[in-house]
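Single-structure report; data block below.
Side chains are part of it too, since the values below use all heavy atoms of this structure and drop only hydrogens, waters and symmetry mates. In what follows, every chain begins at residue 1, and chains take the letters A, B, ... in the order their sequences are listed.
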Number of protein chains: 2
Amino acid sequence: MTPPVHEHDGAGSRHAHTGAWIAAVLRRRIAAGLLTPGSKLSEQKLSVELGVSRNTLREAFGTLVAESVVVRIPNRGVFVASPGAEDVREIYRVRRVIEPSAVLWGTPAERELEAMDAIVRRAAEARDAGSVPGMADANQALHQAVIALTGSQTLQVLMDRVLARMRLVFHTMSTTPDFHPHYVERNIGLVACLRAGRPEEAARMLRDGLDAAEGEILARIEARAPDPEVRHRAVPVTPIRNK
Amino acid sequence: MTPPVHEHDGAGSRHAHTGAWIAAVLRRRIAAGLLTPGSKLSEQKLSVELGVSRNTLREAFGTLVAESVVVRIPNRGVFVASPGAEDVREIYRVRRVIEPSAVLWGTPAERELEAMDAIVRRAAEARDAGSVPGMADANQALHQAVIALTGSQTLQVLMDRVLARMRLVFHTMSTTPDFHPHYVERNIGLVACLRAGRPEEAARMLRDGLDAAEGEILARIEARAPDPEVRHRAVPVTPIRNK
DNA sequence: ACCATCGGATTGTTGAACAATCATTGTCTC
DNA sequence: GAGACAATGATTGTTCAACAATCCGATGGT
């Protein structure tokens, strides 16, 4: 039995708005894969486990629902979101609009170019070392750097949420193939184009890369789930009874 | 005295999740200008006025905070957001990324082109009739149609929120000048470009229009508030005691 | 095998209570 | 009289306990 003590789950601040804190804890657990997609988050269990009131937990659920990290089904409870093929398509719709636009019209200063250079160098090292998580991290970092070109806080948090959702997609796939080496090369070319002052070409390259990635992931997803959209009942994929 | 009865505030659905319902009511009141920017939303008063529990009202506040329609200051309460110059800049950062990208890479079908044609025609009629709200509505409709080109639900709701924020900006300005006739012409040209199959030119036109609009609004804002950013104390602009 | 009914469990919502914090007022000192 | 300081009152943050409404699963009848 875990005692109802507040695990010092990083982010030390003691009691800065308990609801947001609980939301952060759950967000981290979901991102780490401790809470698998489709599993139910029972109000009673979690409230005693985290040592907060059911009301406060409910508030946390609210923010998580707003972020689409969990799904609330009325009178049934909240479940960790399990994104399907349509969700993947939506994710790439968003990325295809925002990221190419960022490289096309965001004028990168020398600072930013240097940062992106460092990132792709790190990615290349990770590839040579065969480190898949290293490549994944670098890939993610590069996309965040691209978003940063817009200078918009709003777009930053939006894309952070999209990325969190993408991580959930990967969690639903038991075997994650490594298309990452492909991406490393693409990203190198992208930064080179930006350096050369050819934003149109960079944007086109980015769009092609996104199309390719979406295609691969969709193929991988739809192979496993021949009936991806038909989730009208919104039933959790696996009624996992956590613990 | 308004009785604590639930005003049948449109959007008929009877009691689909009370918290969301209350949030919708408040959202509408704010958009309508009944709740002016900077005014405080007292938990006690509103809970009795709307006939819901303080807890439920709190949940509604949570969603409104997530939408940045209201601002919560710890231990002080929630206030209707009063966007300043920096917020306007952020709004246009977002629009400059998303809207030109939508017209550039979203391939409009005949249906959508026709819809946009109808909108600009409506705008022209409103201009000839001297109807400022008519022009404003048409302008808003056109931008929503542009966003719809992406086919992305996520971007749609994002831009809806941005637009709501923009409405708040206008509410903070006592006198709203009508730059709308300018926009009508611009929009006509934009749709024409799209019809002619020149998305690059349309995108450029859209960007120029956004730049111009931002400039005009910023000038109007910074003239009134020579010290726009210094809101560290986050004090409501006017400590309005509503009623 | 199919359908209805019932019971238990979980969610949705409320009301009251308490601690913590902020704003205001009043008092004291200089 | 002006400013620092403490007491007071009001509001928010959070918890607890309760109830109605709903859903899930099992039981039982045909």
Q. Is it true that Glu214(B) and Arg96(B) have a side-chain N and a carboxylate O under 4.0 angstrom from each other?
A. yes

Q | Within 6.0 angstrom of Gln44(A) CD, more than 12 heavy atoms from elsewhere | A | no

With the criterion being N/O to N/O and under 3.5 Å, what pairs connect the protein with nucleotides 14-19 of chain C, and how long is each?
from    : atom 1 : to       : atom 2 : distance (Å)
dT14(C) : OP2    : Ser53(B) : N      : 3.3
dT14(C) : OP2    : Thr56(B) : OG1    : 2.2
dG15(C) : O6     : Asn55(B) : ND2    : 3.0

Scan nucleotides 4-10 of chain C against the protein and return all N/O pairs shorter than 3.5 Å with their distances rounded to 0.1 Å.
none

Q) Given the rule in the salt bridge (charged side-chain N to carboxylate O under 4.0 Å, His left out) test, do Glu67(B) and Arg72(B) qualify, once you have shown the distances and angles that lead to the verdict? A) CA-CA 12 Å; Glu67(B) 297 174 10; Arg72(B) 156 169 277 150; over 6 Å; no

Q | Carboxylate-amine/guanidinium proximity below 4.0 Å for Arg76(B) and Glu43(B) | A | no

Q | Residues Asp137(A) and Arg122(A) bridged, charged N to O under 4.0 Å | A | no

Q.
Can you list everything that forms a side chain to side chain contact (heavy atoms under 4.5 Å, CB included) with Ala136(B)? Sequence neighbours excluded, please.
A. His180(B)

Q) Which whole-number value in Å describes the distance from Phe61(A) CZ to dG12(C) C1'? A) 13 Å

Q. To the nearest Å, how far apart are Trp21(A) CH2 and dT15(D) P?
A. 10 Å

(Q) What is the separation between atom CD on Glu59(A) and atom C1' on dT12(D), rounded to the nearest whole Å? (A) 12 Å

Q) Once you round it to whole Å, what is the distance between C1' of dT11(C) and NE2 of His17(B)? A) 10 Å

Q: In plain terms, say whether Glu99(B) and Arg95(B) are close enough for a salt bridge, that is, a side-chain N and a carboxylate O under 4.0 Å apart.
A: yes

(Q) Around atom CD of Gln153(A), are there more than 12 heavy atoms from other residues, nucleotides or ligands closer than 6.0 Å? (A) no

Q: May I have the distance from Arg58(A) (atom CZ) to dT15(D) (atom C1'), rounded to whole angstrom?
A: 15 Å

